[in-house]
Amino acid sequence: FRPILGRGLVTAMGQRWKHGRQMLKPAFHFDSLRRLLPVFTQAAQRLCVQWSKQPASSPVELGLTFRTVTLEVISEVAVGLDSSKASVLPVLFEAVLDELNQRVMKPWRAYMPLEAEHQRKLTALNNLVFEII
């Protein structure tokens, strides 16, 4: 997965992974999460507004929707982006994740012209994550 995800915390091992995990550990303490309740509530409210604008019979892709909301919250909490800019991380992550899923069955995609676009998005995603760290 390293060629697809790069050299971030997700693919880290050993001491590098342990260091990254130790950096994130305080953020997941119960008291820290309680302070984030307003961010969680605002994200749920934005989702309710978004859904209320759709026709009642229109289908909703829940997997993508909840991944997007989760990543928006992470963008606000971890990166410090305001809610209007928090949609950047999900867009980049979804593009990289989609390519990862495509390559499981089509590994030759790594050698196709679209690889440059994937690398651009992966670099942008990694740069965003490294800004956090």
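Residue pairs meeting the salt bridge (Lys or Arg N to Asp or Glu O under 4.0 Å) criterion with at least one partner in residues 54-73, sequence neighbours excluded, are Arg46-Glu72, Arg67-Glu94.
Side-chain contact between Glu117 and Arg120: present, with at least one pair of heavy atoms (C-beta onward) separated by less than 4.5 Å. In this structure, Lys25 and Gln22 have side chains that are in contact, with non-hydrogen atoms separated by less than 4.5 Å. A heavy-atom distance below 4.5 Å is not found between the side chains of Ile74 and Val77. Side-chain atoms of Thr41 and Leu37, non-hydrogen and from C-beta on, do get closer than 4.5 Å to each other.
Taking every heavy atom of both residues into account, Pro90 and Thr68 meet most closely at CG-O, 3.6 Å. Scanning both residues, Val39 and Glu76, for their nearest heavy atoms gives CG1-OE1, 3.7 Å. Contact between Lys121 and Leu92 at its shortest, heavy atoms only, is O-CD2, 4.1 Å.
Every residue meeting the side chain to side chain donor-acceptor pair (under 3.5 Å) condition with Ser58, not counting sequence neighbours, appears here in chain and number order: Gln54. Annotation: side chain to side chain contact (heavy atoms under 4.5 Å, CB included) contacts of Lys53 (sequence neighbours excluded): Val49. Remark: Thr65 pairs with Leu47, Trp51, Val60 by the side chain to side chain contact (heavy atoms under 4.5 Å, CB included) rule, at least two apart or across chains.
Between the OG1 atom of Thr70 and the CZ atom of Phe40 there is a distance of 9.5 Å, given to the nearest 0.5 Å.
In this structure, Leu71 is a member of the same hydrophobic cluster as Leu100, with clusters built from ILVMFWY side-chain heavy atoms closer than 4.5 Å.
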Show me the donor-acceptor pairs, under 3.5 Å and distance only, between side chains in residues 29-36 and residues at least two apart or in other chains.
unit_1: His29; atom_1: ND1; unit_2: Asp31; atom_2: N; d: 3.1
unit_1: Asp31; atom_1: OD1; unit_2: Arg34; atom_2: NH1; d: 3.2
unit_1: Ser32; atom_1: OG; unit_2: Pro26; atom_2: O; d: 3.0
unit_1: Ser32; atom_1: OG; unit_2: Arg35; atom_2: NH2; d: 3.2

Legend entry - His19 vs Arg16, side-chain contact (heavy atoms from CB on, under 4.5 Å): CA-CA, chis, key distance, verdict: CA-CA 5 Å; His19 175 71; Arg16 184 176 178 174; 5.9 Å; no
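The hydrophobic cluster around Trp108 extends to Met112, Leu114, counting ILVMFWY residues whose side-chain heavy atoms fall within less than 4.5 Å of a member.
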